[in-house]
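In each ligand, atom 1 is the first atom listed, and ligand 1 is the first ligand listed. Along the sequence shown, the residues carry numbers beginning at 1. For the numbers below, each heavy atom of this structure counts, side chains included, while hydrogens, waters and symmetry mates do not.
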Amino acid sequence: MERPCLSRRHALLIPATAAGLGGLAACAPEDQGFGTAEPLRGQDDTIPLSEIPEQASTLVNFGGQEPFVLLVRGTGEDVVGYSGYCTHNGCALRQEEAELDCPCHGSRFDAATGDVLAGPATRQLPTVEVAVEGDVVRRVR
Ligand code: FES
């Protein structure tokens with residue numbers, strides 16, 4: 001997959017895992033990382049594929065228990081999901097261009113791969129299973 005670039009418009013939404021949500025409870029509301037941007041909201045566990053730009057990363061809210069997922073789309077149906085919560089202590093990440101930055105202690109992650117760019121986090125963002133089904137992206141539980 002060619003490394004996606006990020007559009008500013010879609011640079012402010014987020015992913016989750018059970019571990020990330022556990023740590024999220026320790027974060028203050030102002031550390032949610034969303035700034036003034038509204039997450040791209042889907043219905044239940046789906047979101048229209050047409051709303052996810054190619055060659056970009058987009059934070060989406062699928063709804064439910066673990067709503068925020070960073071979708072990295074290459075071309076066509078090439079879509080991968082990552083948690084949007086820091087692997088250090090679970091704070092919601094903020095997307096800044098090609099990085100996800102943690103407002104709590106300064107960790108940085110590559111928004112296209114989930115790799116750690118700077119600590120204190122040492123673990124890559126976990127993947128979140130998603131599947132393209134027709135014209136929607138579905139979060140797989
Ligand atoms: Fe993200 Fe500590 S919770 S760096």
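- With respect to atom 2 (Fe) of ligand 1, H88 has ND1 as its nearest N, O or S atom.
- H105 contributes atom ND1 as its closest N/O/S atom to atom 2 (Fe) of ligand 1.
- Contacts between S107 and ligand 1, counted as non-hydrogen atom pairs separated by less than 4.0 Å, involve both the backbone and the side chain.
- Both V128 and V132 sit in one connected hydrophobic cluster of ILVMFWY residues. Membership requires side-chain heavy atoms under 4.5 Å apart, directly or through other members.
- Atom 1 (Fe) of ligand 1 has no N, O or S atom of C91 under 2.8 Å away, backbone or side chain.
- Residues V136 and L71 are members of separate hydrophobic clusters, defined by side-chain heavy-atom contacts under 4.5 angstrom among Ile, Leu, Val, Met, Phe, Trp and Tyr.
- C91 pairs with C104 as a disulfide, the SG atoms being under 2.5 Å apart.
- Exactly one of V69, V60, V130 qualifies for a side-chain contact (heavy atoms from CB on, under 4.5 Å) with I47. That residue is V60.
- Taking a cut-off of under 4.0 Å to the non-hydrogen atoms of N89, the atoms of ligand 1 that pass are 3 (S).
- Contact record, V72 with A111: CG2-O, 3.4 Å, taken as the closest heavy-atom pair.
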